[in-house]
Amino acid sequence: MNRIDLKFKQLKENNQKALVTFLSAGDPSLDVTRETILEMERCGASVVEIGVPFSDPIAEGPVIQRANVRALKGGVNLDKIMDMVEGLREETDIPLVYLMYFNSILSYGIDRFFKRCKEVGIDGVIIPDLPYEESDEIYEYTEKYEVYQISMVAPTSTKERMKNITDKAKGFLYCVSSLGVTGIRKEFKTNFNSMFDTLNSLSDIPKCIGFGISTPDNIRSLKPYADGLIVGSAFVKRIEEGKTDEDKIKSVGELTKELYDALCE
Amino acid sequence: MSKGRFGNYGGQYAPETLMKVLDEIDREYNIAKEDPEFKKELEFYLNEYAGRPSLLYYAEKMTKDLGGPKIYLKREDLNHTGSHKINNVLGQALLAKRMGKKRIIAETGAGQHGVAAATAAALFGLECEVFMGITDMERQSLNVFRMNLLGATVTGVESGTGTLKDACNEAMRAWAARADDTFYVLGSVMGPHPFPTIVRDFQSVISREIKEQILKKEGRLPSAVVACVGGGSNAMGAFYNFIEDKEVRLIGAEAAGDGVDTERHAATITKGTEGVLHGMKSLFLQDENGGIMPVYSISAGLDYPGIGPEHAHLAKTKRAEYYPITDKEAVDAFCYLTKTEGIIPAIESSHAVAQAIKVAKDMTKDDIMVICISGRGDKDVYSIAKYMGVEINE
């Protein structure tokens, strides 16, 4: 069973929701990334998204853009990230998904990429610039190597699109909270009641909300709608602001704990 | 396979947030292009406002000097705002209006597309925001001021290399945040479907006119059409109505900067590999990890690491030929056309002139060659002076 399915099954049995956390691989180094993932798990994360840095991340706001620049300057690449994950798998079974742009996969080779994902223990891949119309291109390989493509829906998705997307969705559904790019937001204008009424009528797949969630208050206000919440930029900001590697990891752990507590209330 | 494919290239590699608006534009455009009222309105503005049809000028002195084919210049530089960009912008702005959008955004490199977009916004009473890399804002400060005069807001983009590629990224991000009331007027035959098709259709007026004009003047089709390629909109416009006429050679000139064997160039077709960026599958200059590489050209309008998907397809199927032209060759051609014909071409268009001079050597007096002069060169005079080491007060 895919680790993502197993995790959501366990959470449901315990009447819990998922805290999905994000960080950019190699920011500031792959050693810190590895330790940070373990710290996130210790402090309550259910799933970790590992951002693969790319030169032109069009769905990201400034915080994650800067992390990509730092990571690329540090010389990180997909081979090194795969090796890091392989090592990490000796210590944890937490579901791990990549968040990455399609060009990184094309450049690595689609078959080689998914084969290596399976080998090292990556459970899913979120590709913001590969909508369902284009996902046929990788379908054969996600099936062959049992690595899930995590599908996204947005507040702008029509009911017809939502149906097409949920029909193919695996693992969990990434529900974009609001228009625009990733990053911290003051408020959410989306009508979540109507969005989730539609989504729930279409599919039982676990649904997680992401984009703009950064505080325990955000968690409290959005958790009634979904099976999990995704937090990205807020963690990357902690990593950016931490003075030493230890500070960065500790600060991410503290935020994870605060968010997890809000989720469990 | 998804919509909007040119062979294997093109497609819709866009974030989910934008898919609905892309579908809406696709649908509305397909209705509009068959609507006699829309066609009439566009034609009115093209003729009465932009100054079309543009002239097809017989360059007699250049013809005699080169001693080969009869050379004609398609004078897109004579359009209002000084380049071919207005053709597309008028079309898309009318489409935006038709869809009830009150606001347009655009990306720009050299500033030609930004100026054209700001112009159309002023004309049609639309709010306009133009995204421009900070490096380009320095290189083209006059165009920044021009856009401001026209009432547009110019937003500087600091990320990446601060050039056209980064301006495209930021325009797409901004669009994702406000797709409900905003129309993204994309400037070239690139981006996710339906943009490569829409922009090509609006620019195809260039080859439609060339065909009519040359048949009237010469009674036959040209042997070759030559145009410069950055994203590729003027070339796509100049080629489109000749694609089925196999006897017409279609020749594109791309920016080789310091040379394709150096690290400083933007020769995507010569040196690029298949990839996905800005919503399309096409050819891109990228490193071994799929990172998009910084590109360079003396011309800010050709300074782009990719190429429109239809060009990638025309190159792959060998229907069109593409050659790299260095900064030096382009500057030489800029000076040559200026002195020989009294026409100052844009530094972008000078790449086409340079390539045409090379191709002319293999042609005879029986041949006819059309060069698309995509824009005028007034904007480039300062950087040409700098290149030649001449000091002038701006």
Side-chain angles (χ1 to χ4, degrees), chain A residues 52-62 65-66 68-69 72 75-81 100-109 113 127-137 151-158 160-162 164-165 174-183 185 211, chain B residues 1-5 8 10-24 157-161 165-182 191-193 273-282 284-294 305-306:
Chain A
V52 176
F54 178 52
S55 56
D56 297 82
I58 56 158
E60 313 301 344
Q65 283 179 45
R66 287 198 299 272
N68 280 337
V69 171
L72 289 170
V76 128
N77 64 31
L78 202 41
D79 268 325
K80 292 179 187 169
I81 297 169
M100 62 196 299
Y101 289 83
F102 191 44
N103 203 48
S104 304
I105 298 177
L106 273 181
S107 169
Y108 200 80
F113 171 77
I127 314 166
D129 59 349
L130 199 74
Y132 88 90
E133 280 88 343
E134 303 293 354
S135 55
D136 283 356
E137 213 162 328
S151 305
M152 302 178 102
V153 294
T156 49
S157 307
T158 57
E160 191 195 348
R161 290 191 64 80
M162 284 183 177
N164 290 333
I165 292 165
Y174 193 128
C175 308
V176 177
S177 70
S178 41
L179 302 182
V181 293
T182 57
R185 283 162 173 68
F211 277 40
Chain B
M1 201 64 99
S2 65
K3 286 187 283 187
R5 291 282 173 170
N8 187 34
Q12 271 183 314
Y13 299 86
E16 177 60 24
T17 308
L18 288 175
M19 292 304 287
K20 182 185 166 206
V21 70
L22 291 172
D23 276 351
E24 285 169 354
V157 179
E158 288 183 34
S159 61
T161 46
K165 159 188 90 99
D166 310 292
C168 290
N169 290 340
E170 213 48 45
M172 285 188 82
R173 289 180 186 125
W175 198 31
R178 277 186 76 169
D180 46 345
D181 73 341
T182 301
H193 175 73
T273 51
E274 199 172 296
V276 164
L277 181 74
H278 295 151
M280 60 180 171
K281 182 178 277 187
S282 191
F284 297 94
L285 293 167
Q286 48 187 325
D287 63 27
E288 68 280 10
N289 297 313
I292 304 302
M293 300 208 303

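So that the names make sense, note that chain A is the first sequence line, chain B the second, and so on, each numbered from 1.
- Interface residue Q286(B): only side-chain heavy atoms are found under 4.5 Å from chain A.
- Within the 4.5 angstrom heavy-atom criterion, atoms from both the backbone and the side chain of P131(A) approach chain B.
- At least one donor-acceptor pair closer than 3.5 Å links the side chain of R173(B) to the backbone N or O of P57(A).
- Side-chain atoms of Q12(B) do not come within 3.5 Å of backbone N or O of E134(A) as any donor-acceptor pair.
- Contacts between L72(A) and chain B at a heavy-atom distance below 4.5 Å are absent for every atom of the residue.
- With hydrogens and angles ignored, the 3.5 Å screen pairs a side-chain donor or acceptor of T156(A) with a backbone N or O of T17(B).
- Side-chain contact between N289(B) and F54(A) is absent, with no heavy-atom pair separated by less than 4.5 Å.
- Within the 4.5 Å cutoff, the side chain of L106(A) has heavy atoms near those of the K281(B) side chain.
- G290(B) approaches S107(A) most closely through the heavy-atom pair N-OG, 3.1 Å.
- Between the CD atom of E16(B) and the CE atom of M162(A) there is a distance of 8.5 Å, given to the nearest 0.5 Å.
- With a threshold of 4.5 angstrom between heavy atoms, L277(B) approaches chain A through side-chain atoms but not through N, CA, C or O.
- A distance of 12.5 Å separates CD in E288(B) from CG in L78(A), rounded to the nearest 0.5 Å.
- Comment: R66(A) does not engage E158(B) in a salt bridge, judged by the lack of any side-chain N to carboxylate O separation of less than 4.0 angstrom.
- Annotation: maximal heavy-atom pairing with chain A below 4.5 Å, among A14(B), C168(B), G279(B), occurs at A14(B).
- If you take NE2 on H278(B) and CD1 on I58(A), they are separated by 7.0 Å, rounding to the nearest 0.5 Å.
- With values rounded to the nearest 0.5 angstrom, K20(B) atom NZ is found 11.0 Å from R161(A) atom CZ.
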